[in-house]
Amino acid sequence: MKSVFLSSLFILSISGKTSAQEIVKRDPLISGFIGQISSDTLSAYVKKLVTFGTRSTLSNTTDPKTGIGASRKWVLDKFLEFSKKSDGRMTAYLDKWTLEPDGRRIDAKIEMENVMAVIKGTDPTDNRIFMVSGHIDSRVTDVMNRTSDAPGANDDGSGTVAVIELARVLAASKFPATVIFTVFSGEEQGLLGANYLAKKAKSENWNLVALLNNDIMGSNNSNETNIIDNTRVRVFSEGIPAFETDKKVGAIRQFGYENDGHSRQVARYVKEIGERYVDNLEVVMIYRNDRFLRGGDHTPFVTEGFAAVRMSEMNENFLHQHQDLRTENGVEYGDLHKFMDFEYLRKNVAVNLATLANLAFAPAVPEDVMIDVQGLGNATNLHWSAPKQGKAAGYYVLMRETHQSFWQKKFYTENLELKLPYSKDNYIFAVQAVGAKGHESLPVLPRVNAARRN
């Protein structure tokens, strides 16, 4: 299936030279990684998660076979197993803290743990971090029920096994930037693990460039219809978080950047790269931070000022979410392994891998991206500085009409400036750094270098 995004994206060279960067193509190394993702392995991982009975955050933390503690220990053991092939670059650990009763969804003191694995970047001067996540906790109808079986095969066994499989495939990789694999606890009790880590990342000044959160991504139909939809996946992103609006409302309103917050740029990147590498799958951008009446672990990171998006299946089946296991009037309820589509899940994991690997291989974003508005005219002048981390072999200048959702053209140049025969009044522009092997950074929108003129 030809990429829906790339079918309307034009790559143009300004220099007139023939260059590998002028042709958007798949990196054979990343394609090889994607080829290692196994639907059978994903299925086996979910079957194992279900054996822990309940993974409620409030459940037993010390029993070796059942409950949240045993399931977290199993994930940690998988990470430690994978780390053996990393030549010491990959480490794994339980990030622990304690929560007191809150009068809402925490009714007793509990020990909390996020399961984390880190592939340290190979460039000591590069402090960038890219993270992928899912949540391990499960629930039944009553969120305070800590004993009844809560298989959580799809919610969020799918996201958890996605993270595990990505760690398995990428453990031996050598990225200049750091990649973190996180399995959160406490999502169903109020995004507890994500809130804890987002605040920690903020207080410790992590250079967390992007978070890909995966939640409910392995089922192919809704409860209203039997139509199978395994060729589309959603990516949710917030356009302009409140903290950006407060600080930059003047520029956002004046220059039409309402649809161009950092998380929205990550979502566009997921769409372009995901469709480039994964056949028979369309990445559908949803211009909302999340679904109505629901929440996800990316939100605390957005709130703390990081770029974060949520990946979810196209249509959710609510008979198989947050349900007690039962059969009523011939209808089976419950989040069971048998209701999942593991080939569909494989493709969704592949979107994550393609995005994550391209970002981690790419140089950092260009610095000081500016658009010249000092004079009137029907051309556009842009200029920028080289990235702080990594070496750029060239740059793409991206362009789209102001009413369009996706980038329509890419212009390649090896210079630090570019003049285009398109009016700055009619288009939105951005600049990407491109590495020697064609890996693109996230886009950066230009700042304006002159006062407003009437």
Side-chain angles (χ1 to χ4, degrees), residues 45-46 49-50 52-61 67-72 74-76 94-99 102 104-107 110-116 131-146 148 150-164 180-201 211-219 234-236 238 289-304 306 308-313 316 318 320-323 335 348 352:
Y45 288 160
V46 171
L49 282 175
V50 169
F52 294 105
T54 179
R55 303 191 306 277
S56 166
T57 299
L58 306 177
S59 65
N60 195 297
T61 61
I68 187 70
S71 65
R72 292 189 297 223
W74 175 74
V75 175
L76 176 64
L94 297 172
D95 191 9
K96 303 181 181 183
W97 73 104
T98 302
L99 282 178
D102 63 3
R104 297 186 296 276
R105 293 190 174 190
I106 303 296
D107 59 2
I110 56 174
E111 299 300 317
M112 297 290 295
E113 297 172 335
N114 289 332
V115 194
M116 304 186 68
M131 185 158 64
V132 62
S133 67
H135 74 85
I136 195 169
D137 55 302
S138 62
R139 60 168 288 184
V140 289
T141 305
D142 179 3
V143 72
M144 302 304 291
N145 182 336
R146 69 192 73 207
S148 296
N154 194 33
D155 182 14
D156 185 30
S158 61
T160 296
V161 303
V163 174
I164 297 171
I180 297 180
F181 308 88
T182 301
V183 175
F184 290 117
S185 295
E187 193 268 357
E188 302 290 5
Q189 306 307 121
L191 313 180
L192 303 179
N195 271 301
Y196 165 81
L197 191 60
K199 286 179 169 55
K200 180 178 180 178
L211 165 66
L212 309 178
N213 183 51
N214 295 273
D215 197 350
I216 311 177
M217 57 186 295
S219 177
R234 294 180 292 178
V235 55
F236 288 84
E238 185 160 339
N289 181 60
D290 211 326
R291 305 145 302 154
F292 286 110
L293 306 177
R294 309 294 289 277
D297 285 323
H298 61 299
T299 299
F301 290 87
V302 174
T303 301
E304 294 295 339
F306 299 108
V309 299
R310 175 198 177 109
M311 303 283 293
S312 283
E313 63 202 28
E316 298 176 60
F318 299 107
H320 305 148
Q321 285 181 31
H322 300 184
Q323 295 284 353
D335 191 355
N348 294 339
N352 279 264

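Remember, it's a predicted structure, so these values are computed and weren't measured experimentally. Computed from heavy atoms alone, side chains included, the values below leave out hydrogens, waters and symmetry copies.
Note that the OG atom of Ser148 and the CZ atom of Arg139 stand 12.5 Å from one another [nearest 0.5 Å]. Summarising the geometry, atom CE belonging to Met311 is positioned 12.0 Å from atom NE2 belonging to His298; distances are rounded to the nearest 0.5 Å. Summarising the geometry, atom CD belonging to Glu304 is positioned 5.0 Å from atom NZ belonging to Lys199; distances are rounded to the nearest 0.5 Å. Rounding to the nearest 0.5 angstrom, the gap separating the CG atom in Asn213 from the CZ atom in Phe236 is 11.5 Å. The distance from the CG atom of Asp156 to the CD atom of Glu187 is 7.0 Å, given to the nearest 0.5 Å. Here the CZ-CZ distance, from Arg291 to Arg234, works out to 7.0 Å after rounding to the nearest 0.5 Å.
Here the side chains of Met131 and Phe301 are in contact, with some heavy-atom distance below 4.5 Å. Two residues are said to be in side-chain contact when any heavy atoms from C-beta on lie closer than 4.5 Å; Asn154 and Glu313 meet this criterion. The closest side-chain heavy-atom distance from Thr160 to Arg55 is not below 4.5 Å. Side-chain contact between Phe184 and Leu191: absent, with no pair of heavy atoms (C-beta onward) separated by less than 4.5 Å. Residues Gln189 and Met144 have side chains in contact (heavy-atom distance under 4.5 Å, counting atoms from C-beta outward). Asp107 is listed as a side-chain neighbour of Leu58, based on a closest heavy-atom distance under 4.5 Å. When side chains are defined from C-beta on, Thr182 does not count as touching Asp297, because their heavy atoms never get closer than 4.5 Å. Counting only heavy atoms from C-beta outward, the side chains of Glu113 and Ile68 never approach each other to under 4.5 Å.
Residues Asn214 and Asn352 have side chains that bring a donor and an acceptor to within less than 3.5 angstrom of each other. His322 and Asp335 are not linked by any side-chain donor-acceptor pair at a separation below 3.5 angstrom, with hydrogens and angles left out of the test.
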Exercise for the section: Show your reasoning for whether side chain to side chain contact (heavy atoms under 4.5 Å, CB included) applies to Thr61 and Ile110. Expected result: CA-CA 9 Å; Thr61 61; Ile110 56 174; over 6 Å; no
Exercise for the section: May I have the step-by-step check of side chain to side chain contact (heavy atoms under 4.5 Å, CB included) for Asp155 and His135, ending in yes or no? Expected result: CA-CA 8 Å; Asp155 182 14; His135 74 85; 3.2 Å; yes
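No salt bridge links Arg294 with Asp215; every basic N to acidic carboxylate O contact stays at or beyond 4.0 Å.
Among all heavy-atom pairs drawn from Glu188 and Arg105, the shortest one is O-NH1, 2.5 Å. Nearest heavy atom pair, residue Ala153 against residue Val50, reads CB-CG2, 4.2 Å. Heavy atoms only, all atoms of each residue included: Gly193 and Trp97 are closest at CA-CH2, 3.6 Å. Here the closest non-hydrogen pair linking Arg146 and Ser56 is CA-OG, 3.9 Å. Of all heavy-atom pairs between Ser138 and Gly152, the closest is CB-CA, 3.8 Å. In plain terms, the two heavy atoms of Gly190 and Asn195 that are nearest each other are O-ND2, 3.4 Å.
The backbone N or O of Gly67 lies less than 3.5 Å from no partner atom in the side chain of Ser59, so there is not a single donor-acceptor pair. At least one donor-acceptor pair closer than 3.5 Å links the side chain of Asn348 to the backbone N or O of Met217.
Partner of Arg72 under the side chain to side chain contact (heavy atoms under 4.5 Å, CB included) criterion, chosen from Asn114, Asp137, Ile136: Ile136.
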